[in-house]
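So that the names make sense, note that chain A is the first sequence line, chain B the second, and so on, each numbered from 1.
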Protein chains: 2
Amino acid sequence: MRPDMTPAAAAERSDAARNRERLLLAARDLIEEGGVAALTMDRLAERAGVGKGTVFRRFGSRAGLMLTLLDDSEAAFQARFLFGPPPLGPGAPPLDRLLAFGAERIAYVVEYGDLVLAAGHAARGRFEVPAVALWNRHVEMLLREAGFRSPEPWLMAGSLTATLDPERLLHLIRQHGVTTERLAVSWRDLVTRVVMAT
Amino acid sequence: MRPDMTPAAAAERSDAARNRERLLLAARDLIEEGGVAALTMDRLAERAGVGKGTVFRRFGSRAGLMLTLLDDSEAAFQARFLFGPPPLGPGAPPLDRLLAFGAERIAYVVEYGDLVLAAGHAARGRFEVPAVALWNRHVEMLLREAGFRSPEPWLMAGSLTATLDPERLLHLIRQHGVTTERLAVSWRDLVTRVVMAT
DNA sequence: AATACAACCGGACCGTGGTCCGTTTAGTCT
DNA sequence: AGACTAAACGGACCACGGTCCGGTTGTATT
């Protein structure tokens, strides 16, 4: 192993790194050209000038690729509600943070639409994704801070985040013309009722 | 058109009816033998002694087939919360009916597990299913009867039913060992808070 | 520079859900 | 009975996601 590399990265061969770059680039190209639906694993491999096996070696599955594509924005989102400025980040009253969390999540889903949808179509189900667990813990924490008392705050947190399911949100927006504002208001209504009733 | 047939049925040819019987029979056989995963459209066609095109003509898609398989039990469920005895059916206080609805839905999802999951994997999304719209309206009505006042009772009803998403419920049960009792309690907690806070 | 090996690569291959269209057949009309 | 037609049929065909494994290549070691 090279002495100058971080132990966390744990050795990625140069050709592997180059191919990953190529693949991500080609993936964004394809999506830009024809939407998420146009991103086929075969086409991606061909476009990147790489074998199909390589694609699956890198990303595991189509959903995994989508997750990787969302990696940056997802990390940014997490950073904002964990360490960012109020009312989303720490410093604001917990109820305000909860409301901001919902609103931001809705905006995120709207922005990345089909990409989020495709990322959710994982074989092992959309609840195994680490990010989902993180949101749950975050909401659970905020509930506790807001004075929420109940035998199962974790289940309640899960119920609340289930409300933000991307497929549901996008269905309401695209098929029923519901605006993001109304969705945010609905989230506010739900959360305030749940918290207030303590 | 034959004069003695009901206009609603609108003419189904005898060979079509016979093949549908065969297909449903074969489908249940395959599931009994190897679970829902063993039910492949190819295998189903072969087992039923029918062409593949016929299968898709009948059911449209795999999800459509699953929906048909669930048809009887789903209709029974609907009949129970629409016309059945209290507390699920009419006659009981609306809050009790809401709690019963959640508990019964959880039990239903547990009972039919993978079948419900497969039925949800429709191409057009799991929110287009007519039954889902019916549940929403039902919950909305009960909310109103329970004195729930809000600008958007329909969205609130959708949020509540989103909580009962089969994939979520089964994930909690199978991956986290959550009992159906705890799920029912969680539903009760959520719904009572939402209704009480009026 | 030569060696050795783990990691990586490619693309043939598979099973799946879904479509297409030429052929067959049930029901009706004369 | 015979002809006619709309409906139903069947299975070859397609695109896709995903797997497998023999060959290749980067990297560390000597």
Side-chain angles (χ1 to χ4, degrees), chain A residues 1-5 7 9-23 26-27 30-31 34-69 114 117-125, chain B residues 1-5 9-23 26-27 30 34-69 114 117-125:
Chain A
M1 180 186 313
R2 288 212 321 271
D4 62 335
M5 81 177 11
E12 181 181 43
R13 254 170 57 168
S14 60
D15 52 348
R18 184 200 38 161
N19 279 341
R20 197 186 52 219
E21 279 320 298
R22 277 193 195 171
L23 283 167
L30 284 172
I31 289 176
V36 172
L39 174 46
T40 287
M41 299 308 256
D42 284 307
R43 267 208 280 268
L44 175 59
E46 188 193 356
R47 176 70 72 103
V50 144
K52 200 177 176 183
T54 303
V55 182
F56 280 90
R57 156 175 293 267
R58 280 276 94 71
F59 305 108
S61 68
R62 199 176 115 104
L65 168 64
M66 301 304 182
L67 244 22
T68 304
L69 252 18
D114 295 313
L117 243 40
H121 278 345
R124 278 296 174 197
Chain B
M1 182 187 305
R2 289 211 321 269
D4 62 335
M5 81 178 11
E12 181 182 43
R13 255 169 56 169
S14 60
D15 52 347
R18 183 199 36 152
N19 278 340
R20 198 185 53 220
E21 281 318 299
R22 276 194 195 171
L23 282 167
L30 284 173
V36 172
L39 175 45
T40 288
M41 301 306 257
D42 284 309
R43 267 209 279 270
L44 175 60
E46 188 194 355
R47 176 70 72 103
V50 145
K52 201 178 175 183
T54 303
V55 181
F56 280 90
R57 156 174 290 267
R58 280 275 96 70
F59 305 109
S61 67
R62 198 177 115 104
L65 169 64
M66 301 305 182
L67 243 23
T68 305
L69 252 17
D114 295 313
L117 242 39
H121 278 10
R124 279 295 175 197

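Atom CZ of residue R18(A) and atom CD of residue E12(A) lie 11.5 Å apart, to the nearest 0.5 angstrom. Separation of atoms CG (L65(A)) and CZ (R58(A)) is listed at 12.0 Å; rounding is to 0.5 Å. Between the CZ atom of R47(B) and the OG1 atom of T40(B) there is a distance of 11.5 Å, given to the nearest 0.5 Å. With rounding to the nearest 0.5 angstrom, the CG atom of L23(A) is 12.5 Å from the CZ atom of R57(A).
Under the 3.5 Å distance criterion, the side-chain polar atoms of R62(B) are matched with a main-chain donor or acceptor of L39(B).
Of all the heavy atoms in A118(A) and M66(A), the pair that sits closest is CB-CG, 3.7 Å.
Atom CG in L23(A) sits roughly 9 Å away from atom P in dG10(C) (whole-Å rounding). When the P atom of dC16(D) is taken as reference, atom CG of L65(A) falls 15 Å away, rounded to whole Å. Straight-line distance from the CZ atom of R58(A) to the P atom of dG10(C): 11 Å, rounded to whole Å. Regarding F59(A), its CZ atom lies at a distance of 14 Å from the C1' atom of dC8(C), rounded to whole Å.
The side chain of N19(A) contributes an N or O atom lying less than 4.0 Å from OP1 or OP2 of dC9(C). The side chain of R18(B) places no N or O atom within less than 4.0 Å of a non-bridging phosphate oxygen (OP1 or OP2) of dA8(D). Applying the 4.0 Å criterion to OP1 and OP2 of dG10(C), one finds that T54(A) has a side-chain N or O inside that range.
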Listing time: all N or O pairs from protein to nucleotides 17-19 of chain C that are below 3.5 Å?
{"residue": "dG17(C)", "atom": "OP2", "partner": "M41(B)", "partner atom": "N", "Å": "3.0"}
{"residue": "dG17(C)", "atom": "N7", "partner": "K52(B)", "partner atom": "NZ", "Å": "3.2"}
{"residue": "dG18(C)", "atom": "OP2", "partner": "R62(B)", "partner atom": "N", "Å": "2.8"}
{"residue": "dG18(C)", "atom": "N7", "partner": "K52(B)", "partner atom": "NZ", "Å": "3.1"}
{"residue": "dG18(C)", "atom": "O6", "partner": "K52(B)", "partner atom": "NZ", "Å": "2.5"}

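Relative to the side chain of R57(A), the nucleotides dC9(C), dT27(D), dG10(D) differ in distance, and dC9(C) lies closest.
If you check distances only, the side chain of R13(A) never reaches the base of dT27(D) with a donor-acceptor pair under 3.5 Å.
If you check every strand for non-hydrogen atoms under 4.0 Å, R20(B) touches nothing.
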